[in-house]
2 protein chains.
Amino acid sequence: MSLKHAMLGFLSWQPHSGYDLKKQIGASYTHHWSGNNNQIYRTLVELHNEGLVTREIEHQDDSPSRKIYTITDAGRAELKAWAMSQPDLPEWKIPFLVQLAWTHDLNAEEMDALLAAYAEQLRMEVLMLREQVHRGTSAPDRSARESFIWHQMATHWLALYENELVWIRSLQGELHTQTKSEEDET
Amino acid sequence: MSLKHAMLGFLSWQPHSGYDLKKQIGASYTHHWSGNNNQIYRTLVELHNEGLVTREIEHQDDSPSRKIYTITDAGRAELKAWAMSQPDLPEWKIPFLVQLAWTHDLNAEEMDALLAAYAEQLRMEVLMLREQVHRGTSAPDRSARESFIWHQMATHWLALYENELVWIRSLQGELHTQTKSEEDET
DNA sequence: GTTGCCATGTAAGGTGTTACATGATTTA
DNA sequence: TAAATCATGTAACACCTTACATGGCAAC
């Protein structure tokens, strides 16, 4: 589990409540988690038990009280050790490819519709991401290198979807010419 | 769950035993599952209960007996309906990006080592995939379109890793020049 | 003679999701 | 008046993984 370390990361930037972390993680696409309560609140308890964070309760008159978590020196050490550890290979979960693999029984029109639906999904996502990258979401900015890296991450994420869209568009074209040449033969 | 449909897919190509399916799914990278026994044997029971496959026991003298599963018409209908359904967006799980996000406390050499380690992982994966694509793994080949699609899938999968490698290499370069220009300023 | 392949399956646990529950305050 | 935001947490469950269990046969 590296959600623990992702959370430690955000806490190494600024103290956060569970609620803050949920929003932060949910909003950051590169942190591929949904940011759901169950995991976040459980993980905060774990981090606290392991002495990687301290907890402070902040009473508020108008809103419910917040539990503010702050990273400890042990937490920073753990985070750095993890950051330097051997990286894993990325995992692409592309359900569309599984779908595409088993389109043997679809005719040309059904195939067209499928590709078009995927292309449209991607187009919408790309538009949304482009806007988000343009606006620049909340990111740590403690050094030139850090903001450079966060910008690189955002544009790289966008590029993944853009490349997928380019691929599907070229596939659409190639399938059309293929279908046509088969029609010519008959 | 679309593992069910992925398995139906392989069964729509050829009858398989659970053991065959495990190998098939485990070997096919685009079918992003590990191909573990637990899920496969449970899912086969489900598919059978739902009438999407039939089961036949094949006794063998030298080896343990095999349970051969064959897709039914209902299974084919289910598979086609699923293949035409609204595709999901891909999900990129890139733990390295989470790691990279929190490298604030690493110095230039530690950063270099991290990027180099990731690049090396990717380089190995790309080499392996290139060879596999070159050899051409076992894939259905029932029509020109189907083999075209499976070839597209394989090269696209490879391209994902190649692009990741290109990106990390460019990042290595940009971080070097950035570090140098900062040194020049001091 | 230990490892690996064939072939079935079970156990245990980690990871992640949606939905529910509470309760006050602000916004539409 | 209905919904969204703030803020905490729980329940139930889907999904997926590693490891274990059995047992014969073949290969090195």
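Letters A, B, ... mirror the listed sequences (proteins, then strands); counts begin at 1.
Comparing B:Lys93 and B:Tyr41 along DNA chain C, the residue whose closest nucleotide (by nearest heavy atom) sits nearer the 5' end is B:Tyr41. Nearest-nucleotide positions on DNA chain C place B:Asp20 closer to the 5' end than the other of B:Arg42 and B:Asp20.
Counting only distance, with no hydrogens or angles, the side chain of B:Glu131 and the backbone of B:Met128 share no donor-acceptor pair below 3.5 Å.
A donor N or O paired with an acceptor N or O is not found under 3.5 Å between the base of D:dT10 and the side-chain atoms of A:Asn37. The base of C:dG16 has none of its N or O atoms less than 3.5 Å from a complementary donor or acceptor on the side chain of A:Asn36.
Under 4.0 angstrom from either OP1 or OP2 of C:dA7 there lies no side-chain N or O belonging to B:Ser17. Between A:Ser34 and C:dT17 there is a side-chain N or O to OP1 or OP2 distance below 4.0 Å. Look at B:Gln60 and you won't find any side-chain N or O under 4.0 angstrom from OP1 or OP2 of C:dC6. For B:Lys23 and C:dC5, the shortest distance from a side-chain N or O to OP1 or OP2 is not below 4.0 Å. The side chain of A:Tyr19 contributes no N or O atom lying less than 4.0 Å from OP1 or OP2 of D:dT8.
Rounded to whole Å, the distance from NE2 on B:His48 to C1' on C:dG9 is 17 Å. The distance from atom CD of B:Glu91 to atom C1' of D:dC15 is 12 Å, rounded to the nearest whole Å. Going from atom CZ of A:Arg55 over to atom P of D:dA7 covers 17 Å, rounded to whole Å. In this structure, the CD atom of A:Glu56 is 17 Å from the C1' atom of D:dA7, given to the nearest Å. Protein atom CG of A:Leu44 is 15 Å distant from nucleotide atom C1' of D:dT10, rounded to whole Å. For the pair B:Arg66 CZ and D:dC25 P, the interatomic distance rounds to 18 Å; values are reported in whole Å. Rounded to an integer number of Å, the gap from B:Lys22 NZ to D:dT18 C1' is 11 Å. Atom-to-atom, CG of B:Asn38 to C1' of D:dC15 comes out at 10 Å; the value is rounded to the nearest Å.
Here the nucleotide nearest the side chain of A:Lys67, chosen from D:dC15, C:dT8, D:dG9, is D:dG9. Taking the side chain of B:Pro64 as heavy atoms from C-beta on, and the options C:dC6, C:dG9, C:dT10, the nearest nucleotide is C:dC6. In this structure, the nucleotide among C:dA7, C:dT17, D:dT17 sitting nearest to the side chain of A:Gln39 is C:dT17.
The closest side-chain donor-acceptor pair between A:Gln99 and B:His5, if any, does not fall under 3.5 angstrom.
Considering all non-hydrogen atoms of both residues, B:Glu146 and A:Ala101 come closest at OE2-O, 4.2 Å. Heavy-atom minimum distance, B:Thr103 versus A:Arg145: O-NH2, 2.8 Å.
Taking the six-membered ring for Trp and thresholds of 30 and 60 degrees, A:Trp102 and B:Phe10 have ring planes more than 60 degrees apart, a perpendicular arrangement.
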